[in-house]
2 protein chains.
Amino acid sequence: MLSKKCKYAIHALVYLAERYDQGPVQIEEISKKQHIPHKFLEAILLELRHAEILESKKGKGGGYFLVKKPSEVNLMQVMRLIDGPIALLPCVSLHFYDRCEECKNEKTCGIRDSLTVVRDETLRVLEQSTLAKILKREKQLAQK
Amino acid sequence: MLSKKCKYAIHALVYLAERYDQGPVQIEEISKKQHIPHKFLEAILLELRHAEILESKKGKGGGYFLVKKPSEVNLMQVMRLIDGPIALLPCVSLHFYDRCEECKNEKTCGIRDSLTVVRDETLRVLEQSTLAKILKREKQLAQK
DNA sequence: CATTTAATCTATTGAATTAGTAGGCTTTTA
DNA sequence: TAAAAGCCTACTAATTCAATAGATTAAATG
């Protein structure tokens, strides 16, 4: 399951995507509208800035804004950044590979196969889920 | 990621699948061969017994054995039993549904769509991953 | 140039979950 | 009836997750 932190990150990003190219949005505003604890959100946005997804401006009229286009930010990136591996086993992870202590020898472990397929299918879907698509979907759903 | 407990459970089950219909296997044997702490394994096997995947025999010559055929036990069942939900969000889970506090209203949340697809793809693969298939795969890999 | 605003950074804390242990109890077999 | 083996309850240690506190730095404005 996704951590709360990751859910907060996604909601904050969708919120910023909706205001793309409209100047900085303050932490306080996002915090209130999305019901995310201010200080916690602060840390999350900082991480997203370090990952060069967001940029910030200090001082009056400052805040955070997307540097990438909403169509260029997807759930795969965000989840990897905030929660780490997407694969279900470390020995099957692309970005966080680590050998499994549990299977004595990786070469003959019969479990890895299936979990590699799960990983690939998951990545495929998450990579296609961009902020732009999520936003579009929300607008569709709101109209009904 | 899967918990260690879940990995232990899977390895223990594959071990028992290899000895299907050959009488009870003692905790101690599985513990040693699969490098799983004895007492922890005890708790895991008990859970699998309560789920009617395993059965046990007490006293001398006792131990654990599969009651279901290796082709009837799959990773979907085991993961749900040991780790809980397979979906990435509670509001998208089939067996552990719970509303997300984070999205104020589920009806218009644009994230759920993608994660429903991820869930379905994942379940499809995990359901097909039976102990029989895993065992077969391990034997293939061992030969090379 | 001082004040205010808002992000930055470091450090700490509390709660929950995960991993594992201890020890006595019960059942079965020989 | 003694030994073997699983059953059950309770506890503890370690790690991760969620959140907070407070001092610092940078930008805008009058």
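Each chain gets a letter, A, B and so on, in the order the sequences are listed, and its residues count up from 1.
- The pair E18(B)-K33(B) fails the salt-bridge criterion, with no side-chain N (NZ, NE, NH1 or NH2) lying under 4.0 Å from an Asp/Glu carboxylate O.
- If you check dT5(C), dC7(D), dA19(C) against the side chain of F40(B), the one that comes closest is dA19(C).
- An OP1 or OP2 oxygen of dA28(D) is reached within less than 4.0 angstrom by a side-chain nitrogen or oxygen of K57(A).
- Cluster annotation: F65(A) and L16(A) are assigned to distinct hydrophobic clusters (Ile/Leu/Val/Met/Phe/Trp/Tyr, side-chain heavy-atom contacts under 4.5 Å, transitive).
- Taking 4.0 Å as the cut-off between side-chain N and carboxylate O, R112(B) and E106(B) count as a salt-bridged pair.
- For H50(A) and dC9(C), the shortest distance from a side-chain N or O to OP1 or OP2 is below 4.0 Å.
- E28(B) comes within 4.0 angstrom of nothing in the nucleic acid, heavy atoms only.
- Between Y8(B) and the phosphate of dG20(C), there is a side-chain N or O to OP1/OP2 separation shorter than 4.0 Å.
- Within the 4.5 Å cutoff, side-chain heavy atoms of L75(B) are placed close to those of M79(B).
- Counting non-hydrogen atoms under 4.0 angstrom, I27(B) reaches the backbone sugars and phosphates but no base.
- Atom C1' of nucleotide dT25(D) and atom CG of L46(A) are separated by 13 Å, given to the nearest angstrom.
- The NZ-P distance, from K58(A) to dT29(D), rounds to 17 Å in whole Å.
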